[in-house]
Amino acid sequence: MAFFTKLKDRLFKSSSRLEQGLEAIVEDGGEETAPTPDPVIPQPEPEPQPVPEIPEPAPTPQPVETPSPEPADPTPAPPPPELPEQAQSKGLIGRLFGRGDSGPVARRTLDDDMLEQLEELLIASDMGVDTALRVTANMAEGRYGRKLSTQEIKQLLAQEIARVMEPVAKPMPLYPKRPQVVLVVGVNGSGKTTTIGKLASQFKAAGKKVVIAAGDTFRAAAVEQLQVWGDRAGVPVLTAPEGSDPASLAFDALTKAQADGADLLMIDTAGRLQNRADLMEELAKIVRVIRKIDETAPHNTLLVLDATTGQNALSQVETFRKLADVSGLVMTKLDGTAKGGVLVALADKFGMPIHAIGVGEQIDDLAPFDPEEFAAALTGLDSN
Ligand SMILES: Nc1nc2c(ncn2[C@@H]2O[C@H](COP(=O)(O)OP(=O)(O)OP(=O)(O)O)[C@@H](O)[C@H]2O)c(=O)[nH]1
């Protein structure tokens, strides 16, 4: 899948930190073991396969194929089920990349020391203490005393992460109500403008009529930026004179969106947290005023968070939930940060819907959040 490849490439800072950390943990106290015969997948014996097999990565055994046996199992069942990657790492692709049965594999016995090191590694990737403890405990359940390779740990980690994130992966809901009003909040620089631009463009491409309101009327640069995105997306951007009342702009924008028969109105807002009382009043006033036209508005309040702020994103969620009725999250800038684990912490701590993630500055660098893809990209799994 195209976005998975992009996500995996761009999450390299987070995944390579995890990967290097896992390798170091396994090497530290691990030992090389001879490759074990594959108990799951019958090997197409080492007859060199003709080339046509090679360029086709898709048919290789899926990494998470083994129907995830853990989730519902409350007791540490004695013989843990086959690790799915035992199947995966022995496939043709695995052998091409030097994994699988071509040489000895380092394995380390899962014990308290190793668990502690895993916890520290996950905390260092911004997963947060509570989440890191929970994830490692679940990974260890039923596997204590087993010898695990880096690849196997990655696979288990990815399964656990996907499990934490599954319940929060929800696209932004679309309602029959027209225009649907989407209020976009977040601190300055978190990526609100860019996200609005990307969403507007994607909704337009999906046949929706979109209008944008440049509600951060105090920053000329923010308004200009939004206009650039509006032009790019081919979507009208309503602006007001610098310093004018954002609520009044929001009112005018909703009036126009209604008159034009728009499907969606996206309202950008200011993100000055320096004066919370002012910001709270400003957001509350926007809501009050648009409700004079449509008492059900806003229909979505998206909080945009910057992944590079790491654990700070958690306190931003807490703050903005007090300032506005946040209905869902968008996480930007997952590219180029080693702090991608914060998204797992967010999911675990708040359980709020994560609608989309941003991995770059281009219009198509925003995609609906897919927990399995994210988990695979974050842990650096080789295929999906
Ligand atoms: N690498 C990367 N950069 C992003 C992403 N999303 C936004 N940006 C960049 O982050 C910077 C800030 O983004 P804006 O969209 O202007 O942020 P904002 O929240 O609207 O900020 P203000 O206008 O200051 O309120 C810009 O340089 C964007 O190009 C992303 O997913 N990845």
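Residue numbers run from 1 in the order of the sequence given. For ligands, and for the atoms within them, numbers begin at 1 and follow the listed sequence.
Ligand 1 is approached by G189 to a heavy-atom distance shorter than 4.0 Å. Residue contact check for ligand 1: G271 places no non-hydrogen atom closer than 4.0 Å to it. No heavy atom of V304 sits closer than 4.0 Å to any atom of ligand 1. The shortest heavy-atom distance from D365 to ligand 1 is not under 4.0 Å. In this structure, G336 does not count as a contact residue of ligand 1, since none of its heavy atoms falls inside 4.0 Å of the ligand. Heavy-atom separations between M331 and ligand 1 are all 4.0 Å or longer.
In summary, R134 and D348 engage in a salt bridge, as defined by a charged side-chain N under 4.0 Å from a carboxylate O. D263 and K209 are not joined by a salt bridge, as no carboxylate oxygen comes within less than 4.0 angstrom of a charged side-chain nitrogen. Electrostatic pairing of K285 and E282 does not count as a salt bridge here, judged by no charged N lying under 4.0 Å from a carboxylate O. Ionic pairing of R146 and E152 is not present here: no N-O contact between side-chain nitrogen and carboxylate oxygen is shorter than 4.0 angstrom. A salt bridge is defined here as a Lys NZ or Arg NE, NH1 or NH2 lying under 4.0 Å from an Asp or Glu carboxylate O, and R288 with E281 meets this definition.
Using a 4.0 Å cut-off to heavy atoms of V187, the atoms of ligand 1 that qualify are 19 (O). For ligand 1 and G358, the ligand atoms under 4.0 Å from any heavy atom of the residue are 31 (O). Residue-ligand proximity, A222 to ligand 1, at heavy-atom distances under 4.0 Å covers atoms 23 (O). Ligand 1 places these atoms under 4.0 Å from at least one heavy atom of K198: 31 (O). Atoms of ligand 1 lying under 4.0 Å from any heavy atom of V359, numbered from 1 in the order shown and given with element: 31 (O). Listed by number with element, the atoms of ligand 1 under 4.0 Å from a non-hydrogen atom of S190 are 17 (O), 19 (O).
When only interatomic distances are considered, the shortest N/O to N/O separation between E361 and ligand 1 falls below 3.5 Å. When only interatomic distances are considered, the shortest N/O to N/O separation between L334 and ligand 1 does not fall below 3.5 Å. Looking at K192 next to ligand 1, an N or O pair under 3.5 Å apart turns up. For ligand 1, the polar-atom distance check finds an N/O of K333 within less than 3.5 Å of one of the ligand's N/O atoms.
Neither the backbone nor the side chain of L366 comes within 4.0 Å of ligand 1, counting heavy atoms alone. Counting heavy atoms closer than 4.0 Å to ligand 1, residue D335 contributes side-chain atoms (C-beta onward) but none from N, CA, C or O. Counting heavy atoms under 4.0 Å from ligand 1, residue D306 does not touch it at all.
Under a 3.5 Å cut-off, the side chain of Q180 and the backbone N or O of P173 do form a donor-acceptor pair. In this structure a side-chain-to-backbone donor-acceptor pair under 3.5 Å is missing from T217 to A240. Panel note: side chain S315, backbone N312; a donor-acceptor pair is recorded below 3.5 Å.
Summarising the local packing, CG of D260 is surrounded by more than 12 heavy atoms from other residues, nucleotides or ligands at distances under 6.0 Å. More than 12 non-hydrogen atoms from other residues, nucleotides or ligands lie less than 6.0 angstrom from CD of E318.
Not counting sequence neighbours, the partners of A222 by the side chain to side chain contact (heavy atoms under 4.5 Å, CB included) test are D216, R219.
You'll find the side chain of V168 stays beyond 4.5 Å of the side chain of M352, heavy atoms only. By the 4.5 Å heavy-atom criterion applied to side chains, E372 and E166 are counted as neighbours.
Each side-chain hydrogen bond (donor to acceptor under 3.5 Å, both in side chains) pair with one or both residues in residues 111-130, not counting sequence neighbours, appears once here: D28-Q117, R108-Q117, D112-Y144.
Ranking the protein heavy atoms by distance from atom 20 (O) of ligand 1 puts T193 OG1, 2.5 Å first. The protein atom (non-hydrogen) at minimum distance from atom 15 (O) of ligand 1 is T194 OG1, 2.5 Å. The closest protein non-hydrogen atom to atom 17 (O) of ligand 1 is G191 N, 3.0 Å. In terms of protein heavy-atom proximity, atom 30 (C) of ligand 1 is closest to G360 O, 3.2 Å.
Closest heavy-atom approach to atom 24 (O) of ligand 1 among the candidates R219, E224, Q362, Q225: R219.
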